[in-house]
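Numbering of residues begins at 1 and proceeds along the displayed sequence. Computed from a prediction, not measured in an experiment: that's the story for all the values here.
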Amino acid sequence: MIAIKPNFMRLPFFLLLPFVFFGCQNDQEINETITSTIQWTHLDNDYEASETEAYFTLVNGETDSLQQEWEIHFSAFMGAVTDITDGYEILHLEGEYYALRPTSDFTGLPPGEQVRIDYRSGGTTIKETMAPKGFFLIRNGKLTELKWSQTPMNATATFGGAANDKLVKYRDPDFLYENYPEDLGASELKVIPTPNVIEFTADKGIGLAKYQSGGSANSNSSTAATTTIMGDRRLHVWSSGVWWHAPTKVLKQWLAQFYDVELVIHQEDKPNFPHLELIYERTIAPEAYEIFNMSTEMTVVSASDPAGMLYGLATVLQSLHEESDGLYLPLAKVQDAPRFPYRGQHLDVSRNFQSKASVLRLLDLMALFKLNKFHFHLSDDEGWRLEIPDLPELTTVGATRGYTPDESDRIKPAYGSGGSGRDTSGTGFYSRADFIEILQYAELRQIEVIPEIDLPGHARAAIKALEAYARRTGDKSYAISHPDDKSQYRSIQSYPDNVIDVCSESTYKFLDKVVTEIALMYEEAESELLTLHTGGDEVPYGVWTGNPACLDLKKGFGVDTEKAEEVKNLFSAYFLGRFKEILDEKGLRTAGWEEIGMEREAIAENDYRWKVNPDFADQNMLAYVWNSLGGNLDLGYRMANAGYDVVLANVQNFYFDLAYNPDPAEGGLYWGGFVDTYRPWAFAPYDVAKTVPKPWYAAGDGPTEAELRTDMVTLKPEARDKIVGIQGQLWSETVRGDSLQEHYLWPKMLGLAERAWSAPAAWEEIDDPESRKAVMKSDWAYFANRVGYHALPLLDSYGIRYRLSPPGAMVVDGQIKVRTAFPGTRVYATSGEEWSAPTVGEEGELLIEPGHELPDTKEPIYLRSGTGDRRSLAVELRR
């Protein structure tokens, strides 16, 4: 079985167990010799008991026997361990951090021998991303990283047989063939997102001028296209202004990257050979543009601002097509403008750090596909990722993960980062210089960077870092935790200490310091900080109830409540008001997840419902609504109707860290369902009930559209303008490394770009579900063909390691018929006895062309879609 590199599962609950420390000196010796190994194997899921059965295979590679004094630490999603092999126990420390250790019944493990440790734990496991990882051994004061691995999961055991057949069809070639779009061939329109208006003419179009050695450019585009190239290919641009410098800098980089074409800029006389003219036209709306081919000699791109010009040039870049004699730009008239002013992508770099290079690549492609807001999630429980020079512990401690008994030098491991602190996914931060470079890169591409400092919850890394700062300096003036706080709580990720003290003035001194330093970085980058995102979500009950400063403050308010939900609502609103004052003073807009504008209203014991808090509705706050699950499908509409500006970030459509499908080998999470490229594309912003996916676990077809609408608030016509845009999210719990980031984001982001920029789709206005479905099927086929034939080759040329979907295939009249999720993708075949992942390009790999005859072999035939040196998961051809 072909397996994507294993990752970890993030679910909105963990077993609540006491926190346990294990003895080890803070400066423990690290054993560089890795000899012991551990492997995880999934056996079965018990859906009736909601349990997982699995086992570890531990091999002692040490030179002596393992006796009582050892512990193996690791990261995993696991519920309560209900049964385990005698002589062992698994302890939940906190978050998704665990320890395996021997009990008094342990009899020792001699060198060179192995042991199998079976266990059962709460919750079923359907993804290899849920497997334990990041193992390290603590023994005699030494930390040794372990070699760890996992065996591929068996789909039948995972899903419990025929009752869940619908979940295992993602390796069924017949099912995929029937559900993939028809191959319509390369289309005349190549651009994503779709322009509002585009009219093609019959002429071939403008060719790229080609210099002959020592000579001038040819004046006739058709002859230029056939002239022997004696020098580099060149695209000529003329404009009389200076406002277009930024867009042409980006175009120059794009041309070199995608087509190996040089951009030549003319600032005085117009060329008398094929060229682009960039024209300022004040009547064109912001971010909009027009393209008009005057002749085969000249194409005019008009806009009223640099953003519009950049998007016009992005359309030019995507429209280029290559023939045997060169590159051409089709003759066409384009009038284009964005649907939403906010077209965003979020990136979490806290849970797993993402390199600066990967961030720059993401920004480059965001601009190419006309996205304009980059939501930069810089802090969370598992990492603080931005240098603040006067508070070095924020990064020396808060950006470093590894084994530690007291977190004086680093924070605890998470998401497989291991014990040494050298894992680049767990450890890393952006220096001031890095962050300024990112800001400048985004500014050139007309992208607003919206930093998020996640508070008051999700703040554990900052809390531990500032405690270390206070210990080193004796300065407690930046403290964000109260030393005498006796509050009892567990966050949704099972941390007992991740919420800041909102009742002490030192907290607001810290916040003012951080915002001031961030603003200075923007100023140095010659960019403008407009909005700061404060997070604000998932603050657990029980916080602040035992904080002496909050008790005093509550008395000052004249409030006498001790109810956890009322205390939480009171001080969440107090914190938001205080933080907003700091941002207001600096001329910044306050943004946050939907909870900044919501309150929890108790309706029964251990049950509540959300209600809109009207207090902040008229205070220019921006609410990002992700929670569209269950009875919250209309949450964004409720907030917009109440007067909040809203960015729709619905989990079922825009959480790109969710797996593409239920296949156990597909990387990603699934607590909110599954999200592929279709899901963001199939989104009706003003009537989400039309396109919300059914729950993946639902029996039958799930709730009908009519049932969804039963208790759903509709968006008022006058509140449509309060929906300012949509945004994709990439949370990074399972995203270890740049290639995985690209795998999760692409091609999903193409569906996001289409829905954020392009005019409303015709199917959005169709009320009859069956009629709408038919139109959506046709429209999706057209879009998917453009993705496969045009967008994916661009991503290939940029080196993006996007996700490749396995092919669909059928045998018809002795021929292999194949389809791919995005037509134009190649399909390869191999043959063998086992479900295998052969090396790309190995002998025996066969490219399947249309009408390919079925090979005369009785061995299984495996098909994979592929590009360059990469291949998808495999499907076995049925005969």
- request: For residues Gly383 and Ser350, report the shortest heavy-atom separation together with the two atoms involved.
  value: O-OG, 2.7 Å
message: Can you see whether Ser420 engages Glu145 through a side-chain donor-acceptor pair at a distance of less than 3.5 angstrom?
response: yes
statement: With sequence neighbours left out, the residues meeting ring pair (Phe, Tyr, Trp, His ring centres under 6.0 Å) with Phe353 are Tyr430
- request: Say whether, by atom type as modelled, one donor and one acceptor occur between the side chain of Asn653 and the main chain of Arg679 under 3.5 angstrom.
  value: yes
query: How many angstroms lie between atom CD of Gln114 and atom CD1 of Ile38, to the nearest 0.5 angstrom?
result: 11.5 Å
query: Taking 4.0 angstrom as the limit, do Arg385 and Asp380 come out as a salt bridge?
result: no
query: Please walk me through it: do Asp423 and Arg736 pass salt bridge (charged side-chain N to carboxylate O under 4.0 Å, His left out)?
result: CA-CA 10 Å; Asp423 178 86; Arg736 293 176 54 78; 2.6 Å; yes
query: Does Asp484 CG have over 12 foreign heavy atoms under 6.0 Å away?
result: yes
- prompt: Phe106: what forms a ring pair (Phe, Tyr, Trp, His ring centres under 6.0 Å) with it, not counting sequence neighbours?
  reply: Trp70, Tyr88
- prompt: Would you say Pro111 and Thr63 make side-chain contact, with heavy atoms under 4.5 Å?
  reply: no
Rounded distance (nearest 0.5 Å) linking atom OG of Ser872 with atom CZ of Arg864: 7.0 Å
message: I need the single residue from Gln493, Glu382, Lys412 that forms a side-chain contact (heavy atoms from CB on, under 4.5 Å) with Arg460. Which is it?
response: Lys412
task: State the CG-CD1 distance between Leu100 and Ile117, to the nearest 0.5 angstrom.
output: 4.5 Å
message: For Glu62 versus Thr35, what's the shortest heavy-atom pair and its separation?
response: OE2-OG1, 3.5 Å
Flag, side chain of Thr427 to backbone of Gly421, donor-acceptor distance under 3.5 Å: yes
message: Looking at every non-hydrogen atom in both residues, tell me the closest pair between Leu740 and Val735 and how far apart they are.
response: C-CG1, 3.9 Å
task: Output yes when a side-chain donor or acceptor of Thr85 lies under 3.5 Å from a complementary backbone atom of Asp118, and no otherwise.
output: yes
query: Is there a donor-acceptor pair under 3.5 Å between the side chain of Thr52 and the backbone N or O of Thr125?
result: yes
field: Rounded distance (nearest 0.5 Å) linking atom CG of Leu730 with atom CG of Leu745
entry: 4.5 Å
query: Which atom pair, heavy atoms only, marks the closest approach of Pro540 to Tyr489?
result: CG-CD1, 3.5 Å
task: Under the side chain to side chain donor-acceptor pair (under 3.5 Å) rule, collect the residues that match up with Ser732, sequence neighbours excluded.
output: Asp348
- request: For the pair Glu69 and Arg139, find out whether any cationic side-chain nitrogen is under 4.0 Å from an anionic carboxylate oxygen.
  value: no
- prompt: Okay, side chain of Thr545, backbone of Gly542: is any donor-acceptor separation there less than 3.5 Å?
  reply: yes
field: Test: Asp663 and Arg171 ion pair at under 4.0 Å
entry: yes
query: When you check the gap from the basic side-chain N to the acidic O, do Glu666 and Arg803 get nearer than 4.0 Å?
result: yes
- line: Closest heavy-atom pair, Tyr415 versus Ser75, reported as atoms and distance to 0.1 Å, is N-OG, 3.4 Å
query: Taking Ser379 for the side chain and Asp454 for the main chain, is one N or O donor matched with an acceptor at less than 3.5 Å?
result: yes
message: Please find the pair of heavy atoms, one from Val543 and one from Ser487, that lie closest to each other, and give the distance.
response: C-OG, 4.1 Å
task: Decide yes or no on ring pair (Phe, Tyr, Trp, His ring centres under 6.0 Å) for Phe56 and Tyr119, but give the supporting numbers first.
output: CA-CA 8 Å; Phe56 295 112; Tyr119 71 91; 5.4 Å; yes
field: salt bridge (charged side-chain N to carboxylate O under 4.0 Å, His left out) evaluation trace for Glu565 with Lys568
entry: CA-CA 5 Å; Glu565 71 272 10; Lys568 175 183 176 297; over 6 Å; no
task: Show the numbers, then the answer: is there a salt bridge (charged side-chain N to carboxylate O under 4.0 Å, His left out) between Glu53 and Arg120?
output: CA-CA 5 Å; Glu53 184 178 355; Arg120 292 176 68 91; 3.5 Å; yes
- line: When rounded to the nearest 0.5 Å, the distance separating CG of Asp501 from CG of Asp485 is 7.0 Å
- prompt: Within 45° of the six-membered ring axis of Tyr660 and under 6.0 Å from that ring's centre, is NZ or CZ of Lys748 located there?
  reply: yes
- prompt: Does the side chain of Ser481 come under 3.5 Å of the side chain of Glu467 through a donor N or O and an acceptor N or O?
  reply: yes
query: Between His73 and Tyr97, is a ring pair (Phe, Tyr, Trp, His ring centres under 6.0 Å) present by the stated rule, with each step listed?
result: CA-CA 7 Å; His73 293 202; Tyr97 185 31; 5.5 Å; yes
task: State whether the number of non-hydrogen atoms from other residues, nucleotides or ligands found under 6.0 Å of Gln67 atom CD is greater than 12.
output: yes
- prompt: Are Ser417 and Arg401 close enough that a side-chain donor and a side-chain acceptor fall under 3.5 Å?
  reply: yes
